[in-house]
Amino acid sequence: MRYDDKPWLSHYDQGVPASIDIPEISLVDLLAQSVTQYASSTCIIHDGREWTYAEVDRASNRFANYLLERGLQKGERVGLLLPNTAEFVIGYYGILKAGGVVMALNPAYTPTEVQTLAAESGIRLLVLAAHSYSRIASLRQSTPIERFIVVGEMEGELPDDDLSWAFLMENGNAEAVTTVQVEPDDPAVFQYSGGTTGTPKCAVGLHRNLVANVYQFRQWLVNTQEGRETVLVAIPCYHVYGMVLGMHLAIRLGARMVLISDPRDLDGLLDAIETYQASVFPGVPNIYAAINHYPSVLAGEHDLSSIRACISGSATLPMKVKHEFEALTHGHLVEGYGLSEAPTATHCNPILGENREGSIGLPLPEMEEHTSELQSRQVISY
């Protein structure tokens, strides 16, 4: 590839290739590869508990087998109405293993918003937290939802039609799914976008689209090493930004994934950085700015030196925020740009090299090819 054809290539960090080979695999395969390589290593850390890659694999098998026993058809949507928790990650991969499509919803949505999107997407099963059950369960009467899987302790018993996640995890079949073949061109997620400017619209993310973006960022983050990173996932996994640059990237790296359910709890977030020595921290400008000005941080009470690579998205990153955060951590905070329809990132500033104020950065490797494939393959009707 000649630099005069793509002049941005000369600005790539050393070690970022102009072209990368993106394998023809699904997200199910992505997890399977890391399970094979890192089976006994920690995959998820949440609320003081740890799950190994092998444990996540078996738990997601239990959910996948349950869905298939319930008659889930390939391409059918299953809802997740959860914050960043182990159950979200396990449920997500379980849905994919069963050939389903993940319909991830913001747990802060009102019942009316959930009702609209559930009816439009046709989900028959929804996984949700116990504290959301009382306000959402009535939607059974006005949506296709037939059953709720409830995460956490409930007061009283569940109706016969609904099920406890804990019961499913204790009693489900943990054998690998062999009856469903998940292909790169299969849809993986329904991502609703545009809610800030109007009625949310559904973007379909294929397995190949999300895998491609993960591989692009694996190459971009030249200061990371496979099997040795800890990714702080404070951005919501129900949005494609958190899915790709948090959850899937951690899986690809064979990293520990530290899930933060409430990023507004800065004491808890800062404690997680120190306790688990977080090294990769994707986020939004507001969270970096909040850390910069947090009293205990200003007082020097936190050691944030483990942080090496941070990608900022969703809004413009002020250079003042960038420089202050980098001075605190001695890591690198760079701005990227993306959209749910991509998904997710298309451009990013070099993690080690030149960053220009007001710039979204450079096109990621293979971005033209990835975009053309996305456009040609995402013509899907439901």
Side-chain angles (χ1 to χ4, degrees), residues 1-25 184 193 203 205-206 208-226 229 235 240-241 243-246 248-249 252-253 279-285 288 307-327 329-378:
M1 181 66 64
R2 297 185 355 239
Y3 284 170
D4 54 353
D5 290 335
K6 295 183 177 180
W8 58 85
L9 296 177
S10 62
H11 296 276
Y12 276 9
D13 280 325
Q14 185 176 357
V16 178
S19 179
I20 60 177
D21 291 326
I22 298 172
E24 291 282 323
I25 62 172
S193 174
L206 308 184
R208 72 165 59 251
N209 301 145
L210 281 79
V211 166
N213 215 202
V214 171
Y215 271 79
Q216 288 169 317
F217 262 96
R218 171 64 197 98
Q219 295 293 335
W220 198 255
L221 298 181
V222 292
N223 60 342
T224 60
Q225 294 179 282
E226 293 179 17
E229 305 299 335
I235 47 176
V240 71
Y241 179 26
M243 282 182 202
V244 174
L245 291 187
H248 293 318
L249 180 61
R252 172 65 183 86
L253 285 169
S279 55
V280 180
F281 177 16
V284 296
Y288 302 122
I307 293 175
R308 292 200 308 279
C310 301
I311 308 296
S312 178
S314 297
T316 300
L317 175 67
M319 292 301 284
K320 185 174 185 290
V321 172
K322 169 185 168 65
H323 293 321
E324 288 177 348
F325 189 81
E326 290 181 335
T329 64
H330 303 291
H332 299 271
L333 169 59
V334 302
E335 182 172 0
Y337 170 81
L339 60 164
S340 299
E341 292 80 2
T344 175
T346 59
H347 297 68
C348 194
N349 279 272
I351 195 71
L352 301 179
E354 179 188 2
N355 281 220
R356 296 186 182 180
E357 185 168 6
S359 171
I360 61 173
L362 310 170
L364 297 172
E366 301 289 337
M367 183 46 62
E368 286 183 327
E369 290 77 5
H370 172 47
T371 304
S372 64
E373 278 202 356
L374 182 151
Q375 291 172 337
S376 66
R377 295 176 185 269
Q378 272 201 339

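Quick note: residue numbers are just sequence positions, from 1.
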Please confirm whether the backbone N or O of [Y] pairs with a side-chain atom of [X], one donor and one acceptor, at under 3.5 Å?
X    : Y    : answer
H332 : I351 : yes
R308 : N223 : yes
Y288 : G283 : yes
N355 : G353 : yes
D13  : L352 : yes
E335 : G361 : no
Q216 : P365 : yes
Y241 : G313 : yes
N213 : A345 : yes

Are the side chains of [Y] and [X] in contact, using a 4.5 Å heavy-atom criterion?
X    : Y    : answer
T224 : R218 : yes
I25  : Y215 : yes
C348 : L364 : yes

Worked check of side chain to side chain contact (heavy atoms under 4.5 Å, CB included) between W220 and L362: CA-CA 11 Å; W220 198 255; L362 310 170; 4.1 Å; yes
Out of curiosity, [X] [atom1] to [Y] [atom2], how far, rounded to the nearest 0.5 Å?
X    : Y    : atom1 : atom2 : answer
L245 : C310 : CG    : SG    : 12.0 Å
M243 : H248 : CE    : NE2   : 6.5 Å
I22  : S19  : CD1   : OG    : 8.5 Å
F325 : L317 : CZ    : CG    : 10.5 Å

Salt bridge flag under 4.0 Å for residues K322 and E357: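 Between E357 and K322 there is no salt bridge, as every charged N stays at least 4.0 Å from the carboxylate O atoms.
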For residues [X] and [Y], report the shortest heavy-atom separation together with the two atoms involved.
X    : Y    : result
P282 : I235 : CB-CD1, 3.8 Å
F281 : I307 : CD2-CD1, 4.0 Å
S279 : E229 : OG-OE1, 2.6 Å
S312 : L333 : CB-CD1, 3.9 Å
A18  : L9   : CB-CD1, 3.8 Å
V214 : R252 : CG1-CB, 3.4 Å

Chi angles and distances behind the side chain to side chain contact (heavy atoms under 4.5 Å, CB included) call for E366, Q219: CA-CA 11 Å; E366 301 289 337; Q219 295 293 335; over 6 Å; no
Neighbour count above 12 (heavy atom, 6.0 Å) for E226 CD: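 Count over threshold, so yes.
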Evaluation steps, side chain to side chain contact (heavy atoms under 4.5 Å, CB included), between L221 and I311: CA-CA 10 Å; L221 298 181; I311 308 296; 3.9 Å; yes
Worked check of side chain to side chain contact (heavy atoms under 4.5 Å, CB included) between V222 and Q14: CA-CA 8 Å; V222 292; Q14 185 176 357; over 6 Å; no
